Amino acid sequence: MDFTYDDEQESLRDAVRGLLGKAYSDFEQRRQTTKEDPGFSEKTWRQMAEMGLLGLPFSEDDGGVGAGPVEIGIVCQEIGRVIAPEPYLPVVVLAGGLVQACGTPEQRAEVLGGIASGEQVVAFAHDEPGSRWAPAASGVTASESDGSWTLTGTKEPVVAGERADALVVTAALPGGGTGAFLVQGADAERTGYATYDGGRAARVVLDGTAATPLGEPGTDLTASIGTVLDIGRIMAGNIALGAMQTALRSTTEYLKSRKQFGVTLNTFQALTFRSADMYISLELASSMVQWATMVIESGDADAVRVAAARCGVQVSRSSRHIGQEAIQLHGGIGMTAEYSVGSYTAVLTMLDHLLGDGDHHVDVLAAGVLDHGSLDPLAMA
Amino acid sequence: MQLALSAEDEAFRAEMREFFTTQVPDDIRAAVIEGRELSKEQIAGSMKVLDEHDLAAPHWPEEWGGRGWSDLRRHIYLDEMQAAGCPVPLAFNTSMIGPVLAQFGSQEQKERFLAKTRNCEIWWSQGFSEPDAGSDLASLRTTAVKDGDDWVVNGQKTWTTLGQYGDWIFTLVRTNPEVKKQAGISMLLIDMTSPGLEVRPIELIDGGHEVNEVWFEDVRVPGENLVGEEGQGWTIAKFLLGNERVGVAPVGAIKRHLARLKELNGERIGAEPRLAARVAELENELLALELTALRVVAHSSEGEPHPASSVLKLKGTVLQQAVSELGVDLAGPASLASGAGDGTALPDWTPHTAPTYLNLRKASIYGGSNEVQRQIIARTILGL
C-alpha cells in the first residue's frame with residue numbers, strides 16, 4: 001500500500017510539467033491555440049511525441065515505451081493542470097488503446113507506431129446520435145462482401161475527427177456484436193466544429209466507406225471496447241484531477257489578492273469555508289483517481305469496470321462542485337473567456353460528459369450494491 | 001504506487017481479524033453491532049481483554065505498553081477492531097490522557113497512572129469544555145488557586161462524556177488570570193471522589209444519559225497532580241487534540257453500520273432503484289474517505305501529517321451521520337418505537353435508529369466542530 005511516485009515517475013512528471021508548462025505558461029497561449037484549427041498545437045504534439053509521451057502505453061515492439069497506467073495518469077494530470085488542448089485522451093488512450101487491445105501485430109506496429117511518432121493523429125469514432133456511453137455501436141453498421149468491409153452510418157461527436165489522419169470506428173457487425181475498423185480520414189465525409197471547451201469535434205458520415213477490420217474480421221469486440229472506455233474514464237479522471245487542482249489554486253490566489261470593501265476577499269468566512277469544501281472535494285477525488293489508476297494495473301476487466309464507475313462518480317461530483325464554485329468565488333471575471341478559471345470549468349464539464357457522468361456511474365454501482373457487504377479497498381485489486 | 005498490502009501487513013491483518021472476532025466476548029460485539037448502549041463493564045471489560053494481549057494502546061511509547069507499529073498497521077488494527085464490533089478503547093484513556101502523561105507527565109505520574117489507564121482500571125473523564133468555552137476553549141473560567149502545596153479548584157465543566165463512570169478527570173483550569181488567556185491555563189488530574197466535586201447528568205435529545213456537568217466547589221487537588229508545568233495546559237491540550245492522524249474517522253464502524261443496513265433491507269434495496277442509488281453513492285463516498293485515510297497513513301515520512309488528514313474528521317462525521325439517517329429512513333414508521341422494549345412486534349433493529357440518528361448529530365460538533373475544521377483547512381492548507 002503506497003500512494004507515492006518513485007523517482008522515475010517523479011522525473012516523468014517534472015518533464016511533462018516542464019514541456020506543457022512552457023507551452024501554456026500563460027492562459028492566453030492556450031486561448032490563442034484553441035482559436036485556430038485544429039484546436040491544439042501541432043508543435044506541442046510533436047514535442048510530446050519526441051518525449052515519448054504519445055507512445056507511452058504501447059509496447060516497445062509497437063513503437064512505444066511500455067509504461068503502465070500510473071505513468072499515463074501522470075501525463076494526464078499534467079495535461080489537466082494547464083488544460084492543454086492536445087487530444088491525448090482520444091488519440092493515445094482510446095483509439096490507441098483499442099488498437100493495442102485488438103489489432104493484429106501488423107496493425108499495431110503501423111497504427112501505434114504512427115501515433116507514437118506523432119505522424120498520425122488517430123481519432124476514436126464511437127459516439128453516435130442517441131448513444132450514451134455504452135460500449136456497443138448500432139448507428140453505424142458494417143458489411144462484408146468478398147472479404148472487403150464497408151461501413152455505413154453517422155458517428156458524432158468525434159473528438160479531433162476532422163484533423164485525424166485515420167479513424168478507429170466502432171460498428172454493428174452483420175453477425176451481431178460490435179467490431180472496430182480502421183478508416184482513412186480522407187475516405188470519410190467529415191464536418192468539423194469547435195466544442196465549448198476549446199476542442200474540436202466532427203460529424204463523420206460513412207456511406208459504404210472502405211474499412212479494415214481491427215483484429216480478426218467479424219469478431220465481437222464489445223468487451224474490449226468496454227475496457228478501453230473504462231481505462232479512458234479513469235484517465236479522464238486524472239485529467240480532471242489536474243484541472244481541479246489548478247481551479248482551486250486559482251481561486252485561493254484570487255481570494256488573497258482581490259479587494260472589495262477595502263479588504264481582500266479571504267477576509268470573508270463565507271468564501272474561505274467554501275474553499276475548504278472545495279479542498280475536501282479535491283482530496284476525495286484525488287484518492288479515488290489514484291486508486292482506480294492502480295486498479296488498471298491488475299488487468300482484471302471486471303475490477304477495472306467497477307473502479308472506473310467508482311472513480312467516475314467521485315470525479316463527477318467533485319469536478320462539478322469545484323468547477324461551479326471556482327467561477328462563483330471569482331465573481332464576474334470567472335465568466336470571461338479571457339480569464340482562465342471559466343475554461344477549467346468548461347473542460348471539467350466536457351470530461352464529465354465524454355465517457356459517462358456521475359449518475360451514469362451510480363447506476364452501474366447501484367446494480368451491484370447487494371453483491372458485497374462492505375467494500376474493502378485493501379482487497380480490491 | 002502500490003495497491004496491495006505487503007505480505008507482512010497482510011499477515012498482520014489476518015492476525016488482527018482472528019483476534020477481534022474470537023477473543024472479544026460475543027455479547028459485547030453483538031451490542032456494538034446492533035447499536036445498543038454499552039455498559040461500563042462491557043467497555044472496561046473489552047479494554048481489559050485488549051490489554052491482556054498488548055492491544056489496548058499500541059500507539060503509546062513502547063516503554064509504556066506501545067507496540068511501535070507503523071501508521072498503516074495502526075489503521076489496520078482499528079479497522080479490523082471496528083469491523084468485528086469490538087468497542088474502541090476509551091478515547092479519554094488511550095488517545096488523550098495516556099499519550100499526554102507519557103509525553104508531559106512526571107515519572108511518578110507515569111508509574112502511578114499509565115498501566116491502569118491502559119487496562120481501564122482507572123476510567124478517565126475529560127474536563128475541557130465549559131458553558132462559555134466550547135469551540136473557543138481558551139476562554140475557560142474554572143480556576144485553580146494555590147494553597148500551600150495544593151490547588152483549590154472552583155468552576156464548572158460540561159459535556160463530560162460518560163462522566164458518571166469516571167474515576168479521575170483530567171481538567172484544564174485557569175491558574176493565572178493575569179496573562180494572555182492561553183498562557184494562564186494548566187492541566188490537573190483530579191480524583192472524582194474528591195469532596196466538592198459533583199457530577200450532574202444532562203439528558204440528551206435521544207433520551208440517553210451520555211454527558212454530564214461536573215461542578216467543582218473548593219475541590220482540593222494535591223500539587224503533585226499538576227501535569228507538566230504551570231501554564232503549560234494549552235500546549236498539552238493542543239497536543240492532545242492534534243496528535244492523531246490515525247483513526248480520525250471511524251471508517252470501519254461506519255462501513256459495518258452500512259453493511260448491516262444493507263443486509264437487513266436487501267429486498268427493498270433490490271426493488272427500489274432510488275434506494276439502491278442512495279446506498280451506492282454512500283458506499284462510494286465511504287470508499288473515497290477510506291482511501292484518503294489510507295493515503296494519510298501510508299504516507300511514509302515521519303512527523304509532518306499529510307495535509308489530507310484534515311479532511312477525515314469532517315467527511316467522516318458527515319458520512320457517519322448520513323448512514324444513521326439512512327437507518328431512520330429505512331425503518332420508516334417503525335423508527336418511532338424507540339421506547340417499545342422487548343415485546344415489540346417491530347423488527348428489532350428499528351427502534352434504535354432514530355435515537356442513533358439524533359445522537360450522532362454530536363459527531364460534527366465535538367472534537368473541533370466541522371466549522372472549526374473548515375477554518376483549519378482554509379488557514380493552514382489553503383493559506384486563506
Side-chain angles (χ1 to χ4, degrees), chain A residues 1-6 9 68 70 73 248-249 251-252 255-256 265-266 269 271-280 283-288 290-291 293-295 297-298 309-310 313-314 317-318 358-359 361-370 372-381, chain B residues 1-6 9-10 13 72 76 79 83 252 255-256 258-260 262-263 266 269-270 273-281 283-295 297-301 307-308 310-311 314-315 318 371 373-379 381-384:
Chain A
M1 172 59 57
D2 179 13
F3 283 86
T4 52
Y5 295 138
D6 63 27
Q9 291 164 340
V70 173
L248 175 58
R249 196 175 55 249
T251 304
T252 55
L255 293 182
K256 281 186 271 191
L265 291 181
N266 64 336
Q269 197 176 55
L271 306 182
T272 60
F273 272 28
R274 287 164 73 169
S275 305
D277 286 335
M278 291 165 75
Y279 175 77
I280 293 168
E283 287 299 341
L284 295 173
S286 179
S287 300
M288 284 294 237
Q290 291 182 57
W291 167 77
T293 303
M294 288 191 275
V295 173
E297 216 144 33
S298 72
R310 296 205 169 284
V313 173
Q314 184 63 56
R317 303 297 184 238
S318 292
D359 287 349
H361 296 314
V362 167
D363 284 345
V364 172
L365 299 179
V369 81
L370 295 173
H372 52 266
S374 307
L375 297 176
D376 181 2
L378 295 174
M380 277 169 78
Chain B
M1 301 273 276
Q2 159 82 35
L3 205 49
L5 290 175
S6 67
D9 287 337
E10 195 65 69
R13 190 182 198 204
L72 178 60
I76 292 169
D79 194 49
K255 276 167 62 174
R256 190 193 62 230
L258 181 58
R260 180 160 183 269
K262 271 169 48 172
E263 193 188 328
I269 293 168
R274 205 167 60 164
L275 197 50
R278 181 174 168 190
V279 172
E281 192 126 17
E283 209 164 57
N284 213 55
E285 288 186 82
L286 260 172
L287 176 64
L289 176 71
E290 184 171 12
L291 289 167
T292 305
L294 283 165
R295 272 171 67 207
V297 298
H299 196 248
S300 49
S301 72
S310 55
V311 170
L314 203 155
K315 192 69 186 178
V318 167
E371 286 63 41
Q373 301 302 326
R374 285 189 177 88
Q375 188 99 328
I376 292 170
I377 293 170
R379 280 214 183 127
I381 299 175
L382 300 178
L384 292 173

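Computed from a predicted structure; not experimentally measured.
Shown here are the salt bridge (Lys or Arg N to Asp or Glu O under 4.0 Å) partners of B/Arg278, two or more places apart in sequence or in another chain: B/Asp329.
Contact annotation for B/Glu371: both backbone and side-chain heavy atoms come within less than 4.5 Å of a heavy atom of chain A. Contact annotation for A/Gln290: both backbone and side-chain heavy atoms come within less than 4.5 Å of a heavy atom of chain B. Residue B/Glu263: no heavy atom, backbone or side chain, is found under 4.5 Å from chain A. Of the atoms belonging to B/Leu314, it is side-chain heavy atoms, and not backbone ones, that fall under 4.5 Å from chain A. Of the two parts of A/His372, the backbone and the side chain both hold a non-hydrogen atom closer than 4.5 Å to a non-hydrogen atom of chain B. At a 4.5 Å heavy-atom cutoff, the contact between A/Asp277 and chain B is made by side-chain atoms alone. In this structure, chain B has heavy atoms under 4.5 Å from both the backbone and the side chain of A/Ser286. Within the 4.5 angstrom heavy-atom criterion, no atom of B/Arg379 approaches chain A. With a threshold of 4.5 angstrom between heavy atoms, A/Leu271 does not approach chain B through any atom at all. Only the side chain of B/Leu72 comes within less than 4.5 Å of a heavy atom in chain A; its backbone stays farther off.
The minimum heavy-atom distance between B/Ala280 and A/Val362, with the atom names listed, is CB-O, 4.4 Å. Taking both residues in full, the closest heavy atoms of B/Leu287 and A/Pro377 are given as CD1-CB, 3.7 Å, listed atom of the first, atom of the second, then distance. Considering all non-hydrogen atoms of both residues, A/Leu370 and B/Gly266 come closest at CD1-O, 3.3 Å. Of all heavy-atom pairs spanning A/Asp376 and B/Lys255, the tightest one is CA-NZ, 4.3 Å.
Using a 4.5 Å heavy-atom cutoff, the side chains of A/Thr272 and B/Leu382 are not in contact. In this structure, the side chains of B/Leu258 and A/Ser374 stay at 4.5 Å or more apart for every pair of heavy atoms. Within the 4.5 Å cutoff, the side chain of B/Glu285 has no heavy atoms near those of the A/Leu284 side chain. Counting heavy atoms from C-beta on, the side chains of A/Trp291 and B/Leu294 never come closer than 4.5 Å. The shortest side-chain heavy-atom distance between A/Asp2 and B/Met1 does not fall under the 4.5 Å cut-off.
B/Lys315 has no carboxylate O lying under 4.0 Å from a charged side-chain N of A/Glu283, or vice versa, which leaves the two without a salt bridge. Contact check on B/Glu281 versus A/Arg317 returns a salt bridge, with a Lys/Arg side-chain nitrogen under 4.0 Å from an Asp/Glu carboxylate oxygen.
A/Gln269 and B/Gln375 share a side-chain donor-acceptor pair at under 3.5 Å.
When the candidates A/Val364, A/Leu375, A/Asp6, A/Leu365 are compared by the number of heavy-atom contacts under 4.5 Å with chain B, A/Leu375 comes out ahead.
Side-chain atoms of B/Asn284 come within 3.5 Å of backbone atoms of A/Arg310 as a donor-acceptor pair (strictly under, hydrogens ignored). Formation of a donor-acceptor pair under 3.5 Å by the A/Lys256 side chain with backbone atoms of B/Leu384 is not found in this model.
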